[in-house]
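Structure first, then comments.
Note that these values count all heavy atoms, side chains included, but never hydrogens, waters or copies made by symmetry. Whatever order the structure lists ligands and atoms in, that order sets their numbers, starting from 1.
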Amino acid sequence: MGSPDRPLLVETAAPGADDPVLVLVIEAATSPLFHAAPRRNWLANVDVVSTDPPAPRAEPAASLHMACIMDGNGRWAGRRGLPRTEGHTEGEENLARLVRVAVQRNIGWLTVFGFSTENWQRPRPEVRHILGLHEKLVGRVGELNELNVRVQWIGRPFDSPMARTPRYVQRAIRKAIADTADNTGMVLTIAFDYGGRSELVAAVEAARQTDDGVTVETIGEHLYLPELPPVDVLVRTSGELRVSNFLLWQAAGAAIYFTEAPWPDFDERELDAALALAR
Ligand code: FPP
């Protein structure tokens, strides 16, 4: 959203309305929207995004970065004679369990592939169900705060021409980011409407505009979340041996842990086996 070259959006929502009734654009040379914590102002139901430069964030003390491609929810459900949506529901529950385990294991950064740019092609009821699960996950603010976990999002900027994230999901993500912004422990980054190739195209385009032109550094500085560290271990569940357009730049040097277990069965033991590759 906002960037050194682009305006910040200030969005106001009518009480009870699903969509914003007014979007003001403030010309501000400042940091990305999601790095600034939205805060309530004197107008009821209005989120104001600060135009101040963000305060430097404390890096989590632990530095290990695990990234997960959470595949196999549908097959997990199919084997039990359940609808695919039940597999996604169980996948979300499992993610919530694993966040707790990851914190116990002193993982600094956990990034999960929650919804890809390709996932929009799935049947609408399934897409709606998955979007609801994202709302549920980012609504677990009590648990996340108890665990000192900070939420981030990575994906196509909500104002980019190709972006498709509905407003209610944008709001839920933004709220979770704000409500966990002061946490100093593990950083949970949810990739939503994310595709690695789109991220790289945008980063290279932006890098080209800089004085230094296209270099490893300038590309890195223009990724969706420049502060996301390199991935140490990339997990892919459910027996698929592919990286599926996930964190292509950040995972360039990652160890890869493939497992036959579908995502809902990726448990503490599996997580430890993946960690062993990285440590
Ligand atoms: C793959 O299962 C998983 C996804 C499409 C991503 C959605 C992930 C979840 C709902 C888990 C919870 C996570 C969040 C962030 C809410 P699949 O449908 O491709 O499984 P299949 O390959 O067996 O069909």
Original post:
When you check the side-chain N and O atoms of Asn245 and Ser116, is any donor under 3.5 Å from an acceptor?
Top reply: no
Original post:
Angle class for the Phe246/Phe113 ring planes (parallel below 30°, perpendicular above 60°, tilted otherwise)?
Top reply: parallel
Subject >> Arg75: numbered ligand 1 atoms lying under 4.0 Å from its heavy atoms >> reply: 21 (P), 22 (O), 23 (O)
**OP:** Apply the salt bridge (Lys or Arg N to Asp or Glu O under 4.0 Å) test between Arg97 and each candidate in Glu143, Glu92, Glu90; give the one that qualifies.
**Re:** Glu90
Original post:
Is the shortest heavy-atom distance from the side chain of Asp265 to the side chain of Trp263 under 4.5 Å?
Top reply: no
**OP:** Just go through His88, His129, Glu93 and tell me whose heavy atom is the nearest to atom 10 (C) of ligand 1.
**Re:** His88
Subject >> Contact check: Gly74 vs ligand 1, nitrogen or oxygen atoms, below 3.5 angstrom >> reply: yes
Original post:
Any heavy atom of Gly72 sitting closer than 4.0 Å to ligand 1?
Top reply: yes
Original post:
Between atom CD of Glu227 and atom OG1 of Thr189, what is the distance when rounded to the nearest 0.5 Å?
Top reply: 8.0 Å
**OP:** Assess whether salt bridge (charged side-chain N to carboxylate O under 4.0 Å, His left out) is satisfied between Glu146 and Arg140, documenting all intermediate values.
**Re:** CA-CA 10 Å; Glu146 177 216 321; Arg140 293 178 182 267; over 6 Å; no
Original post:
Which residue and non-hydrogen atom of the protein lie closest to atom 15 (C) of ligand 1, and at what distance in Å?
Top reply: His134 NE2, 3.4 Å
**OP:** Could you tell me whether ligand 1 has any atom less than 4.0 Å away from a heavy atom of Arg84?
**Re:** yes
Original post:
Going by the order shown, which atoms of ligand 1 are within less than 4.0 Å of some heavy atom of Glu92?
Top reply: 11 (C), 12 (C), 16 (C)
**OP:** Starting from atom 6 (C) of ligand 1, find the nearest protein heavy-atom neighbour and note its residue, name and distance.
**Re:** Gly114 O, 3.4 Å
Original post:
Of the options Leu98, Ile154, Leu95, Val99, which is the one that meets Val112 in a side-chain contact (heavy atoms from CB on, under 4.5 Å)?
Top reply: Leu95
Subject >> Per atom 14 (C) of ligand 1, closest listed option by heavy atom (Leu95, Leu188, Ile190, Leu131) >> reply: Leu95
**OP:** Pull out every atom of ligand 1 sitting under 4.0 Å from any heavy atom of Asp71, numbered as shown with elements.
**Re:** 1 (C), 2 (O), 17 (P), 19 (O), 20 (O), 21 (P), 22 (O)
**OP:** Check each heavy atom of Glu240 against ligand 1 and say whether those closer than 4.0 Å belong to the side chain, the backbone, both or neither.
**Re:** neither
**OP:** Only heavy atoms count here, so choose which of Asn73, Val127, Val112, Leu133 is nearest to atom 16 (C) of ligand 1.
**Re:** Leu133
Original post:
Atom CG in Leu275, atom CD in Glu268: separation rounded to 0.5 Å?
Top reply: 11.0 Å
Original post:
With a 3.5 Å cut-off and no angle check, do the side chains of His222 and Thr210 form a donor-acceptor pair?
Top reply: no
**OP:** Provide the number and element of each atom of ligand 1 under 4.0 Å from a heavy atom of Leu137.
**Re:** 15 (C)
Original post:
Side chain or backbone of Asn94 under 4.0 Å from ligand 1, or both, or neither, by non-hydrogen atoms?
Top reply: neither
Original post:
Considering only protein heavy atoms, which is closest to atom 13 (C) of ligand 1, and at what distance to one decimal place?
Top reply: Met70 CE, 3.4 Å
Original post:
Quick one: which ligand 1 atoms are inside 4.0 Å of a heavy atom on Gly91?
Top reply: 11 (C), 12 (C)
Original post:
If you group Ile, Leu, Val, Met, Phe, Trp and Tyr by side-chain heavy-atom gaps below 4.5 Å, do Leu144 and Leu133 land in one group?
Top reply: no
**OP:** Provide the number and element of each atom of ligand 1 under 4.0 Å from a heavy atom of Arg122.
**Re:** 5 (C), 17 (P), 18 (O), 19 (O)
**OP:** Please work out which of the three classes, parallel, tilted or perpendicular, describes the rings of Phe158 and Trp153, given edges at 30° and 60°.
**Re:** tilted
Original post:
If you count the atoms of ligand 1 from 1 in the order shown, which ones are under 4.0 Å from a heavy atom of Asn119?
Top reply: 5 (C)
